[in-house]
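Each remark here refers to the structure printed beneath this line.
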Amino acid sequence: MTKEDFFTLVNQIQSSDYYREPLAFAIAKIDRGQKDPDKILQATYAFINWQENFGSAAIFQKALAEAGQTISQESEAVYEVTRAFVDSAIAMCSPWLEEAVGEAHKNVQMIKFLSKLDEEELADFRVVFLFEDAAPKSVESVYLKLYALSTGKAPLRSVNLNGAFGVLPNVAWSGNTPIELDWLRENELELKMTGQYPVIDVVDKFPRFLQHIIPADNTRILDASKVRMGAQLAAGTTVMPGASYINFNAGTLGPVMVEGRISSSAVVGKGSDIGGGASILGVLSGTSGNPISIGENCLLGANSVTGIPLGDGCIVDAGIAVLEGTKFFVTQEDFGKIKEANPEWQASYKEIFKGRELAGLNGLHFRQDSTTGQMKVFRSNKEVKLNEELH
Amino acid sequence: MTKEDFFTLVNQIQSSDYYREPLAFAIAKIDRGQKDPDKILQATYAFINWQENFGSAAIFQKALAEAGQTISQESEAVYEVTRAFVDSAIAMCSPWLEEAVGEAHKNVQMIKFLSKLDEEELADFRVVFLFEDAAPKSVESVYLKLYALSTGKAPLRSVNLNGAFGVLPNVAWSGNTPIELDWLRENELELKMTGQYPVIDVVDKFPRFLQHIIPADNTRILDASKVRMGAQLAAGTTVMPGASYINFNAGTLGPVMVEGRISSSAVVGKGSDIGGGASILGVLSGTSGNPISIGENCLLGANSVTGIPLGDGCIVDAGIAVLEGTKFFVTQEDFGKIKEANPEWQASYKEIFKGRELAGLNGLHFRQDSTTGQMKVFRSNKEVKLNEELH
Amino acid sequence: MTKEDFFTLVNQIQSSDYYREPLAFAIAKIDRGQKDPDKILQATYAFINWQENFGSAAIFQKALAEAGQTISQESEAVYEVTRAFVDSAIAMCSPWLEEAVGEAHKNVQMIKFLSKLDEEELADFRVVFLFEDAAPKSVESVYLKLYALSTGKAPLRSVNLNGAFGVLPNVAWSGNTPIELDWLRENELELKMTGQYPVIDVVDKFPRFLQHIIPADNTRILDASKVRMGAQLAAGTTVMPGASYINFNAGTLGPVMVEGRISSSAVVGKGSDIGGGASILGVLSGTSGNPISIGENCLLGANSVTGIPLGDGCIVDAGIAVLEGTKFFVTQEDFGKIKEANPEWQASYKEIFKGRELAGLNGLHFRQDSTTGQMKVFRSNKEVKLNEELH
């Protein structure tokens with residue numbers, strides 16, 4: 001089989017009846033329950049395909065068909081990896097076997113890897129296909145979507161994770177290994193009294209980001225507990241270990257200093273600094289369901305709370321709370337400067353603006369006047385880099 | 001020996017001179033010092049008996065007596081587990097040996113387990129009795145009391161732990177293993193230069209909750225460092241990894257979202273939400289020694305500080321501090337609504353109430369007015385579920 | 001060789017041409033890159049010499065010279081440990097070999113240890129000399145300086161660490177072991193699909209304090225992630241696991257309760273209490289480059305922010321921010337009392353002082369008036385223990 005033959009074959013498959021173009025696909029290694037081996041506790045991917053590599057998708061689907069499996073018409077499908085599947089796939093991949101090393105042809109590398117395993121070992125692998133971005137139905141598909149977010153292949157907030165909490169089992173994590181709580185209970189006496197009780201780091205449905213993701217060379221995460229799987233950290237982001245936390249479906253779009261909390265659905269632009277203990281609220285905590293974006297080059301002071309979206313170059317002073325209902329005084333002069341920095345803002349001057357009326361504006365500086373206790377908003381003295389595509 | 005014989009025997013023991021009804025008892029596995037093997041560093045229980053299972057207590061006391069030991073007249077006693085003790089106990093437990101599996105007859109399961117060990121292995125086990133709730137005198141009794149709290153067998157604040165800090169040694173924890181600091185010092189050169197220096201996770205007198213306790217299936221602890229042994233977490237509680245912490249003798253009475261700090265002696269009612277970085281003060285930090293209870297369905301905003309007890313359905317806005325001396329304005333109208341929600345509150349209207357005057361009331365909403373800086377209290381718009389037993 | 005011969009020899013070396021008195025020296029075990037074994041990832045010291053033990057320095061330099069190496073004229077030097085070096089050193093140390101145990105003659109103990117290793121094992125050791133406190137140029141010298149700070153041999157802020165971030169590689173830490181990110185990337189498929197992917201605790205340039213330092217018996221660190229290598233903790237300090245963090249070149253000068261953040265360059269005096277979530281700002285975050293010292297017996301309330309230096313006996317109320325530009329009202333009466341507690345303070349009465357004007361004063365109590373929102377400063381009711389050397 002030549003490479004030309006391979007491309008011809010792929011075209012044949014893709015125009016065949018059974019082929020379905022996937023949103024995403026990948027091969028997972030699964031962790032099974034210690035008590036109930038049919039319960040899937042975790043799915044680990046060495047890499048995933050997200051709206052890409054449709055040639056490999058075609059080959060995998062043909063190999064599944066040849067192994068006697070039917071391509072599902074559901075939104076997702078999880079298939080066992082059989083000897084027949086591997087034999088069929090590796091035969092079709094033969095033109096690429098030699099050059100499938102390093103960064104090249106990762107799907108072929110995976111097939112090569114599988115071809116060396118015996119039946120018993122293969123039983124812990126799965127071929128996973130997502131055909132639509134529907135609510136995930138399996139542990140394998142939830143993990144595939146979390147990988148899409150955490151590898152940056154899918155933008156934050158772009159993936160349907162509805163019901164993921166119901167799909168994932170709550171487990172005890174000992175390092176990278178998930179353990180059924182029921183198994184611990186059943187074996188508690190023996191494990192404890194023989195000194196073999198495992199070290200439990202976490203009890204949660206989600207694993208930690210660093211269990212599955214290798215960050216960029218200039219990204220730093222000073223405590224693995226601080227970033228949940230499904231978060232997205234742009235290169236150059238630093239996460240300090242004090243009061244920080246980045247939940248799944250939340251994160252950064254460029255180098256950001258994170259010493260505070262980025263709640264699920266919140267996104268922070270490049271060059272911003274989330275001070276120690278600063279809180280960016282999530283959709284479930286006081287933002288009326290609006291996910292919060294923080295622009296570029298913003299500074300959220302230590303122990304501040306931000307409950308509205310901010311544009312670029314904003315400052316929230318240390319220790320204050322900027323919420324939708326908070327009332328901010330503004331002078332006529334600063335109002336003018338704020339309009340200059342936000343040419344598209346349609347507003348007339350008034351003495352007091354509520355937080356929600358200031359949502360998303362550039363160049364704001366929020367402060368509590370220490371002589372009167374009044375909350376005020378000024379034009380910040382930070383450089384505002386306007387988004388060139390919009391202005 | 002039949003089951004009937006067993007019950008007759010228990011009755012005989014319980015009416016004998018040497019029998020003392022215990023408050024609690026259990027068999028512990030101990031960890032010894034690496035340098036000083038006579039120093040007890042930790043006591044691990046597979047389960048404990050707390051005001052229960054007095055039949056087993058009787059059997060254990062008779063087995064101790066037959067092994068030549070005298071039942072102490074002190075508030076607590078720690079006995080070595082000898083071959084004679086085990087042989088005597090297993091003989092008396094013979095009617096139950098077969099059915100002692102799973103959740104049934106845990107004390108008999110323990111005796112069965114011990115019966116398989118040799119002398120050297122038995123040397124690391126202890127029979128521990130508490131006869132009164134006095135200040136604990138041994139590592140074994142401190143741990144027994146911490147287990148009572150963390151398993152929920154004893155209510156929070158109900159157990160005498162006076163002097164526990166003096167009894168427990170400060171050790172380096174490597175996973176579940178306590179290590180003497182002096183042993184590390186003496187072996188530092190060899191350990192470090194051969195690459196065998198242990199991974200130290202914690203240096204503390206207390207272990208972590210998850211080293212000893214298996215939480216309920218719907219309880220989640222996203223970082224083991226966040227909950228100290230001796231805390232109590234009701235089923236359904238979630239502890240996030242940002243700025244949270246739950247100290248010993250503190251915790252939750254129902255499903256609670258914990259993203260802040262629950263200091264020692266503080267208790268939070270079901271349905272409440274402790275926001276990111278929120279602090280509930282403990283008896284040693286600004287509460288005049290009054291332990292703080294937070295009622296049900298309360299919301300403590302991000303980075304708020306609460307230094308007074310709260311009733312049900314209260315709201316503390318993000319970023320503010322509600323302390324005993326904080327002065328809160330209230331309107332006559334809201335005062336009326338607050339009285340309605342608290343029919344037993346004996347107070348006449350005045351414009352300003354101090355925090356300590358509002359302690360324990362239901363349905364309060366604490367806020368700083370963003371236009372004046374004044375602290376104010378309103379009737380919250382949260383549903384207040386009054387405690388039916390009191391009202 | 002007798003001890004007298006030894007001292008004569010040391011004198012000869014020290015007056016020789018090649019001898020250079022070091023600022024510091026020590027022997028390190030190095031960790032190499034998994035992918036690039038020439039890349040040094042970490043240097044571990046069992047102990048270090050800092051402005052001390054010049055006799056051993058002389059012996060090491062002579063042994064290096066005899067092994068064919070030249071003593072550097074640079075600010076620092078890192079030498080391989082060869083068989084010739086070890087043989088030469090152990091010969092010169094012979095009068096001390098027997099008594100070099102426990103706390104005695106640690107440099108000789110190290111030579112004894114090295115003398116038992118083979119060539120391949122010796123390849124992972126280095127002799128490190130600092131001759132001046134210049135910007136560090138090697139991983140080994142950065143670590144030597146971090147050890148000087150963390151062991152308390154050098155005072156905080158006294159060591160030149162300029163450029164350390166550029167010298168240290170960013171690595172994934174699995175326990176005490178640093179792992180190259182590139183090596184993880186290259187082996188991701190094999191590691192993950194065989195269940196051998198390492199547990200990654202941290203991705204950072206710096207290790208954790210507890211990977212290298214054994215704290216005092218009465219020091220407690222409830223979570224290893226909370227203290228970075230290069231921090232300094234005086235005996236009796238307790239670091240809680242909630243929202244605390246102590247960065248490198250920051251720490252405590254006596255027993256301190258730490259539940260908040262001590263940023264790089266910040267120092268806290270004995271008897272002070274850094275409340276839950278309290279932030280002490282660092283030179284890079286709002287202090288105009290002035291490092292912050294907190295005096296003795298201060299209390300920084302929960303979720304407070306301190307951006308100015310404080311003297312002894314100060315109180316910052318929970319939840320407030322004391323920054324350089326914050327304006328504080330003071331009464332004439334309190335102004336008088338504050339002058340009494342600060343006899344050297346040259347100031348005349350005015351109604352409002354900015355934070356920066358109050359920097360370093362003793363006995364201040366910072367508060368926000370809950371009835372007006374005004375920030376105020378009072379004479380605190382805490383006992384101020386004046387520094388006897390200054391007053």
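The figures here come from the full heavy-atom set of this structure, side chains too, leaving out hydrogens, waters and symmetry mates. Per chain, numbering begins at 1; letters A, B, ... match sequence-line order.
Interface remark: of the candidates P241(A), S244(A), A172(A), S244(A) forms the most heavy-atom pairs closer than 4.5 Å to chain B. With chain B as the partner, the residue from Q368(A), M375(A), K192(A) showing the most heavy-atom pairs under 4.5 Å is K192(A). Across R261(A), Q374(A), E180(A), the residue that shares the most heavy-atom pairs under 4.5 angstrom with chain B is R261(A). Contact count versus chain B (heavy atoms, under 4.5 Å) is highest, among E188(A), K205(A), E190(A), for E188(A).
Both the backbone and the side chain of K327(A) come within contact range of chain B, judged by heavy atoms closer than 4.5 Å. Proximity to chain B is limited to the backbone of D201(A), based on heavy atoms less than 4.5 angstrom apart. With a threshold of 4.5 angstrom between heavy atoms, A243(A) approaches chain B through its backbone and through its side chain. In this structure, chain B has heavy atoms under 4.5 Å from both the backbone and the side chain of Y197(A). Residue T326(A) touches chain B through both its backbone and its side chain, counting heavy-atom pairs closer than 4.5 Å. For I352(A), the part lying near chain B is the side chain, with the backbone staying farther off; criterion is any non-hydrogen pair under 4.5 Å. Heavy atoms closer than 4.5 Å to chain A are found in both the backbone and the side chain of T371(B). The contact between R185(A) and chain B is made by backbone and side chain atoms together, counting heavy-atom distances below 4.5 Å.
Geometrically, K350(A) engages F353(A) in a cation-pi contact, judged by NZ or CZ lying under 6.0 Å from the ring centre and within 45° of the ring axis.
Between S272(A) and V268(A), the closest heavy-atom pair is CB-CG1, 3.7 Å. Taking each heavy atom of R208(B) and S225(B) in turn, the nearest pair found is NH2-CB, 3.3 Å.
Ion pair D204(B)/R228(B) flagged as a salt bridge, since at least one NZ, NE, NH1 or NH2 atom sits closer than 4.0 Å to an Asp/Glu carboxylate oxygen.
The closest donor-acceptor contact from the side chain of N176(B) to the backbone of Q211(B) lies at 3.5 Å or more, if one exists at all. A distance-only check finds no donor-acceptor pair linking the side chain of S174(B) to the backbone of I200(B) [under 3.5 Å].
For F248(A) and F209(A), the gap between ring centers reaches or exceeds 6.0 Å.
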